[in-house]
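Input: a single structure, listed below in structure tokens.
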Amino acid sequence: MSTAVEVDWLRVGSCRHLACMAARGAGLQQVDFPSYCALLRHPTRGWMLYDTGYAPHFLKATADFPERLYGSLLPVNLPAEECLPAQLAARGIRCEEITTVIISHYHGDHVAGLRDFPQARFIALRAESEHVLALRGKRWRATLQGRLPGLLPDDFPTRLEQADDYPQRSLPAWMAPFTNGFDLFGDGNLLGVTLPGHSHGQLGLCIPDASSGPLLLVADACYSLPACREGRLPPAPTQWFSNSGVRAYRETFAAVGELARREPSLLILPSHCEVAAEVFHARP
């Protein structure tokens, strides 16, 4: 049996925003920011997801004030064919077959589809989960942080597992300056990587033996892989939105950029970068 993890990188909706919010010097034109998630097939554990992208639940969750401010600031486009259940069905996969959803963080564009997977358990970092659960009933505060607790399934706490509770394992040497990860399934196939800065506990995913070559999924540690490789930070307002501090955001951004420059065989996938997605889909 193959030990490789099969990976597909799926575009699940997009939003409109200023190009310069992702990388300095990109201009003031409105552009689409796609939202990608990963469909994973573990060799023994079956089908999984890393994030879910957008979903119709997002439109419902932002229909009323104050959440409507979130939807107005970042207007969403979600064609029917990009909805995650439709993309899974086209591959012969039922939503009930998804056993696990690994959550990078709880911004709405990463978790809008959680309710579509009634059999899945969820894995996230403890600090991030505790923070979003504490925001329930605090609608203004949650909205201003880009979080929509209403997107979480009603039984979410009973299906949630903390990535921090999994055994730590040394990452491959080529992952430096990242050195340790959480071995999510005890076989070294999926290694959770802490990526501080953008949220209270952002979880990346290292897949050393992906079917198309080694991968590092970095969520929103950067928005544009070319800009990160060149060391071009997003503008100050984007950095200020980071929930665990500008310094932590910059340190993680610099570490991802260093890794991208040093290891060209490693494909780094930010959740909103079309360039990286094109490279992924061009791989054999």
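Quick caveat: nothing in here was measured; it's all calculated off a predicted structure.
- Annotation: F122 is in aromatic contact with F156 [ring centroid separation under 6.0 Å].
- Rounding to the nearest 0.5 Å gives a distance of 7.0 Å between CG of L88 and CG of L10.
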> When you look at D8 and R91, which way does the salt bridge (Lys or Arg N to Asp or Glu O under 4.0 Å) test go after all the steps?
Replying inline: CA-CA 11 Å; D8 205 351; R91 292 163 170 79; 3.0 Å; yes
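- Taken from CG in L233 to SG in C222, the straight-line distance is 10.5 Å, to the nearest 0.5 Å.
- H42 has its side chain within reach of F185: a pair of non-hydrogen atoms, C-beta onward, lies under 4.5 Å apart.
- Separating the CD atom in E278 from the CG atom in L225 is a distance of 12.0 Å, to the nearest 0.5 Å.
- In this structure the side chain of C15 never reaches within 4.5 angstrom of the side chain of D32, judged on heavy atoms.
- Expressed to the nearest 0.5 Å, how far CD of E274 lies from OG of S224 amounts to 10.5 Å.
- For the side-chain hydrogen bond (donor to acceptor under 3.5 Å, both in side chains) criterion with S199, the lone passing option out of H107, H105, H110, E128 is E128.
- A chain of hydrophobic side-chain contacts below 4.5 Å, direct or via other Ile, Leu, Val, Met, Phe, Trp or Tyr residues, connects L84 to L59.
- The shortest distance between side-chain heavy atoms of L49 and L39 falls below 4.5 Å.
- When each of L151, I98, L114 is tested with T52 by the rule side-chain contact (heavy atoms from CB on, under 4.5 Å), just one qualifies, namely L114.
- Annotation: the span from L217 atom CG to I268 atom CD1 amounts to 10.5 Å, rounded to 0.5 Å.
- In this structure the side chain of P153 never reaches within 4.5 angstrom of the side chain of F117, judged on heavy atoms.
- Aromatic ring orientation, F58 versus Y70: perpendicular (interplanar angle above 60°, classes split at 30° and 60°).
- With a 4.5 Å cut-off on side-chain heavy atoms, P172 and L191 count as touching.
- In this structure a side-chain-to-backbone donor-acceptor pair under 3.5 Å is missing from R136 to V132.
- No side-chain heavy atom of N180 sits under 4.5 Å from any side-chain heavy atom of R169.
- With a 4.5 Å cut-off on side-chain heavy atoms, V246 and E251 do not count as touching.
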> Would H272 and Y36 satisfy ring pair (Phe, Tyr, Trp, His ring centres under 6.0 Å), going step by step from the backbone distance to the final call?
Replying inline: CA-CA 6 Å; H272 306 294; Y36 286 94; 8.3 Å; no
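- Defined by atom type and a distance below 3.5 Å, a donor-acceptor pair is present between the side-chain atoms of Q145 and H131.
- The aromatic rings of W9 and F280 are tilted relative to each other, their planes meeting at an angle between 30° and 60°.
- Residue F182 is tested with L125, L205, L190 for a side-chain contact (heavy atoms from CB on, under 4.5 Å); the sole match is L125.
- Under the 4.5 Å side-chain heavy-atom criterion for grouping Ile, Leu, Val, Met, Phe, Trp and Tyr, M48 is connected to V5 within one hydrophobic cluster.
- The distance from the CG atom of N77 to the OG atom of S35 is 12.0 Å, given to the nearest 0.5 Å.
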> How far apart are the C-alpha atoms of S14 and Y54, what are their side-chain angles, what is the distance that settles it, and do they pass the side chain to side chain donor-acceptor pair (under 3.5 Å) test?
Replying inline: CA-CA 8 Å; S14 62; Y54 286 109; over 6 Å; no
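- Counting heavy atoms from C-beta outward, D220 and S271 have side chains that approach closer than 4.5 Å.
- For W140, the ring pair (Phe, Tyr, Trp, His ring centres under 6.0 Å) partners two or more places apart in sequence, or in a different chain, are F65.
- E97 is linked by a side chain to side chain contact (heavy atoms under 4.5 Å, CB included) to W47, I93, R94, counting only residues two or more places apart in sequence or in another chain.
- With no hydrogens or angles considered, a side-chain donor-acceptor pair links Y166 and E161 at under 3.5 Å.
- Ion pairing of D64 with R139 is absent here, as no side-chain N (NZ or NE/NH1/NH2) approaches a carboxylate O to less than 4.0 Å.
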